[in-house]
2 protein chains.
Amino acid sequence: MAWNFDDNRPIYSQLVEILETKIVSGEYQPGAKLPSVRELAITAAVNPNTMQRAFSELEREGLVNTNRTSGRTVTEDPNMLRQVRSQLARGHVDYFFKKMKELGYTNQEITSLANEAASKEDNQ
Amino acid sequence: MAWNFDDNRPIYSQLVEILETKIVSGEYQPGAKLPSVRELAITAAVNPNTMQRAFSELEREGLVNTNRTSGRTVTEDPNMLRQVRSQLARGHVDYFFKKMKELGYTNQEITSLANEAASKEDNQ
DNA sequence: ATTATTGTATTAGTAGCTTAATACAGTAAT
DNA sequence: ATTACTGTATTAAGCTACTAATACAATAAT
């Protein structure tokens, strides 16, 4: 997953979303040590303060644990990981339907488009 | 469709999205006269300058026509309306799949969730 | 013990978004 | 002709996000 940002949203909140996704999808394994704030800031090409701000949010959610001098680790609680993953997915589904209905699409048309898109893309 | 904004994106760009949706979904009919900038600014509870900025974008896209002293009208070109509607829908579908795959969902899981959501919501 | 690395905090400057308050020119309505 | 309404432009102020440049305390590594 790439570190691409769109200009229309604050970077720190996009960082939160990206880091959450990397964690719950397993790209960062449960219990694994995360790169340091400075290191990740370089990787993502953002200011360390901005990365720090994103991590404050992840810390608040409980997805990461912080040891002041030895760095951060991903939570090892599998229930939390599953739950956050489901929440994020649910949010995407709801948002998708909300937007499509605003455009005037019916449930049937929406699922047809989804099935069509799934069959056209690379499998898995 | 309501005039609700989230804090994480510029209001003018959210206005563009809302106005586009109202137009291509038919809430604002083809050829119809639109409320004035000042009037819409009051309705949406934003500054007239912000609403003006949004309309500049719609004007640039060709979705509305501007008569300097008599106001704005929705385009009467049905092809343009259909095309923009499809573009917006396609964007939502693509974004939905992109985000779900980042979370580690397969095509099959994605379409299952979509079908499930469609059957649970109010029909149509 | 010394060094390097960790998270964290602070201060300053820049840029963009939004609001506010006007103002102007053209036209429709009266 | 006067009035009201149209889109449009300008200037100023306030706020937030972001970057930059440091600094400090705690700990791991040497």
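Note on naming: letters A, B, ... go to the chains in the order of the sequence lines (proteins, then strands), and numbering restarts at 1 for each one. All figures in this text were calculated on a predicted structure; none of them were measured in a lab.
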Listed pairs, N/O of protein and of nucleotides 24-29 of chain C, under 3.5 Å:
{"from": "C/dT27", "atom 1": "O4'", "to": "B/T69", "atom 2": "OG1", "distance (Å)": "2.8"}

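- Put simply, CZ on A/F5 is 8 Å from P on D/dT19, counting in whole angstrom units.
- For residues 55-67 of chain B, the salt bridge (charged side-chain N to carboxylate O under 4.0 Å, His left out) pairs, not counting sequence neighbours, are B/E57-B/R60.
- A/N65 has its CG atom 13 Å from the P atom of C/dG7, to the nearest Å.
- When rounded to the nearest whole Å, the span between CG of B/L34 and C1' of D/dG7 equals 13 Å.
- The interatomic distance linking A/N67 (CG) with D/dA25 (C1') rounds to 15 Å, in whole Å.
- The only option from A/E109, A/Q108, A/E102 that meets the side chain to side chain contact (heavy atoms under 4.5 Å, CB included) definition with A/Y105 turns out to be A/E109.
- Atoms CG (B/D7) and P (C/dG16) sit 21 Å apart, rounded to a whole Å.
- The side chain of B/R72 lies closest to D/dT8 when the candidates are D/dT8, C/dG7, D/dT6.
- Summary of the strand contacts: A/V37 and B/T50 both lie near DNA chain C, and taking for each the nucleotide with the nearest heavy atom, the more 5' one is attributed to A/V37.
- The nearest whole Å value for the distance from the NZ atom in B/K33 to the C1' atom in D/dG7 is 11 Å.
- Applying the salt bridge (charged side-chain N to carboxylate O under 4.0 Å, His left out) test to every pair with at least one member in residues 64-87 of chain B, sequence neighbours left out, gives no pairs at all.
- Put simply, CG on B/L58 and CD1 on B/I23 are 5.5 Å apart, with the number rounded to the nearest 0.5 Å.
- B/K22 places a side-chain N or O within donor-acceptor distance of the main-chain N or O of B/M1, the cut-off being under 3.5 Å.
- One interatomic measurement links the two molecules: CD of B/Q52 to C1' of C/dT19, which rounds to 15 Å at whole-angstrom precision.
- With rounding to the nearest 0.5 Å, the separation of CG in A/L15 from CE in A/M51 is 4.5 Å.
- The side chain of A/N47 lies closest to D/dA20 when the candidates are D/dA20, D/dG7, C/dT19.
- Atom C1' of nucleotide D/dT8 and atom CG of B/L40 are separated by 16 Å, given to the nearest angstrom.
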Quick one: which protein N/O atoms are closer than 3.5 Å to N/O atoms of nucleotides 10-17 of chain D? Pair and distance per line, please.
{"from": "D/dA17", "atom 1": "OP2", "to": "A/R53", "atom 2": "NH2", "distance (Å)": "3.3"}

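- One distance of note links OG1 of B/T21 with CD1 of B/I18; it measures 7.5 Å at 0.5 Å rounding.
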Got a list of side-chain donor-acceptor pairs under 3.5 Å for residues 2-10 of chain B, not counting sequence neighbours?
{"from": "B/D6", "atom 1": "OD1", "to": "B/N8", "atom 2": "N", "distance (Å)": "3.0"}
{"from": "B/R9", "atom 1": "NH2", "to": "B/E17", "atom 2": "OE1", "distance (Å)": "2.7"}

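- Screening residues 34-54 of chain A for salt bridge (charged side-chain N to carboxylate O under 4.0 Å, His left out) gives no qualifying pairs among residues at least two apart or on separate chains.
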